[in-house]
Amino acid sequence: MAQETQEPHVIDARGSFCPGGLMELIKELRLAPVGTLFEVWSTDQGSARDIPAWTQRAGHELVSSTAADGVYKIQVRRMR
Amino acid sequence: MAQEVVVLGGGVGGTVVANQLARAVAGQIDAGEVRLTQISASAHHVYQPLYLYMAFDQANPAEGRRPQASLLDPHVGLITASAERVDREQRDVVLAGGRRVHYDYLVLATGSRPAPEQVPGLQEGGHWFYTEEGALRLRDALLAFTGGRVVLVVGVPHKCPVAPLEFTFMLDEWLRGRGLRDQTELTYTYPIGRLHSLEPVARWAEPVMAQRGIRTETFFNVERVDPQARTVVGAEGTTLPYDLLVAIPPHSGQKVILDSGIGDKGGWVPTDRHTLQMVGDDHIYVCGDTTNLPISKAGSTAHFEADVIAANLASRLQGGHGSARYDGKVVCFIETGLSKATYVAFDYENPPQPKEPSALLHHMKLAYNRMYWLTSAGVL
Ligand SMILES: Cc1cc2nc3c(=O)[nH]c(=O)nc-3n(C[C@H](O)[C@H](O)[C@H](O)COP(=O)(O)OP(=O)(O)OC[C@H]3O[C@@H](n4cnc5c(N)ncnc54)[C@H](O)[C@@H]3O)c2cc1C
């Protein structure tokens, strides 16, 4: 499927204490087509915890989650 | 020929930029070397935070409105008109009716708007206090309210991130004052896994909610409203029944941004987080709610950004490079009820640390509501 190889849409939420990484993801995901792959960059631990939890509850796919140099990079695909 | 600076938008950001720049380059304007023009769709400047108080019948629309011309430095020319399009090739702003206003430098400060139409059923089934009309309609609904289930839902993105909490605490106290709290089940929902995006604020709010008997539901993103059944459905599968639904609607950028092809899908303009220039356009700066930056959409944000933009424009108009940088600074006062308030301050590097709520801070917030006119006019 074309969507499997697509470049992720990067959401740079580094240094965002409010609204933070998860809200930035929700803001973009709401308006994007199903299948879109996102990569959230976040420096806040709350988002690193919340993004996977929300992704599961809202029925989207957690593709990957990594952390390096204090930056979390979390990939999520819109599924519905 | 004069260098033309156009500020599009006469809200917090646009007004502070225009006044600060006017002061900085007054000599050049007097000499005819620079022309500074503000374009605003409204002849009135509106102080939006008063909507919160209007919902509780504690303020009236006239208190929140001043003629825009009365707030501007005389060196700023004001055009009251709605812009339809930004033509980046010609460097013109195209107004309704076709008139073109040329710019060498443009500041986009058109703000954001609540977009309740993005949530099916919300317009028919819900209330909001993010517009004057909405606040007055909610005021009337509250005055007619005799008890039942009140649910607050929060759309993403939205401006003034503290308003959902403030409204909830103010409503709790207001209901107690009217002897209706025992007959009311009050539910506060929030889109992420805690009660507020600012972690210390969320930590502080949790015991306060419990103490006041306010029910909470996290991970709730409003997906649709059924006005007949009086239920609101979240994207995470939760359905909540309501008698009175109060929403912070999801927000959108303005039509002029979308129609000009200079925004993302939501109508937010891609902006460099430090220079505040539109990505890929050296002639355009972006201020306040209009940016796509991952920071709070708030008056204080617009104000701090305006300081940087005005300084950089003044520098460039005088032959400098305009290299001042925005550090992500935001300050928010938070009402914790009808008589106490607190505040938080943070930037890209430094997380927020809220202060203990006090009556003094509440009075400072109320005082700021009055002093606002001086800050936007550039006096404070
Ligand atoms: C209920 C409520 C409470 C709030 N409380 C607070 C608070 O306590 N603290 C805080 O910091 N912030 C608060 N805010 C948020 C704050 O009001 C906004 O974030 C702030 O006004 C943003 O400033 P701005 O300059 O980006 O946009 P705005 O102030 O919204 O100004 C936008 C301007 O652009 C003009 N415009 C739009 N489209 C066009 C067009 N096509 N052509 C010409 N002109 C156009 C408008 O007429 C307006 O003059 C609150 C907001 C609300 C609704």
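Everything quoted here is computed from the prediction, not taken from an experiment. Sequence lines set the chain letters: A, B, ... in the order given, protein chains first and strands last, and positions in each chain run from 1. Side-chain atoms are counted along with the backbone in the values below, which use heavy atoms only and exclude waters and symmetry mates.
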Discussion item. I'd like to verify something: which residue of A/Gln56, A/Met23, A/Glu28 has the highest number of heavy-atom pairs under 4.5 Å with chain B?
Written reply: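 Most pairs with chain B among the choices: A/Met23.
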
Check whether [X] gets within reach of chain B through its side chain, its backbone, both or neither, counting any heavy atom under 4.5 Å.
X: A/Arg49; value: side chain
X: A/Arg30; value: side chain
X: A/Asp12; value: both

Which region of [X], side chain (C-beta onward) or backbone (N, CA, C, O), has a non-hydrogen atom less than 4.5 Å from a non-hydrogen atom of chain A, or is it both or neither?
X: B/Pro191; result: both
X: B/Glu349; result: backbone
X: B/Asp264; result: side chain

Worksheet item: Which word best sums up how the rings of B/Tyr190 and B/His196 line up, parallel for under 30°, tilted for 30 to 60°, or perpendicular for over 60°?
Response: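 Correct class here is parallel.
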
Discussion item. Tell me whether the rings of B/Phe167 and B/Phe129 are parallel (<30°), tilted (30 to 60°) or perpendicular (>60°).
Written reply: parallel

Do you know the tightest heavy-atom contact between [X] and [Y]?
X: B/Glu305; Y: B/Gly288; result: OE1-N, 2.6 Å
X: B/Arg273; Y: A/Ala13; result: NH2-C, 4.5 Å
X: B/Ser197; Y: A/Cys18; result: OG-SG, 3.1 Å

Item to complete: Check each of A/Arg80, A/Arg77, A/Arg78 against A/Glu61 using the salt bridge (Lys or Arg N to Asp or Glu O under 4.0 Å) test, and report the only one that passes.
Response: A/Arg77

Worksheet entry | Option in B/Leu293, B/Val330, B/Asn350 with maximal non-hydrogen atom pairs under 4.5 Å from chain A | B/Asn350

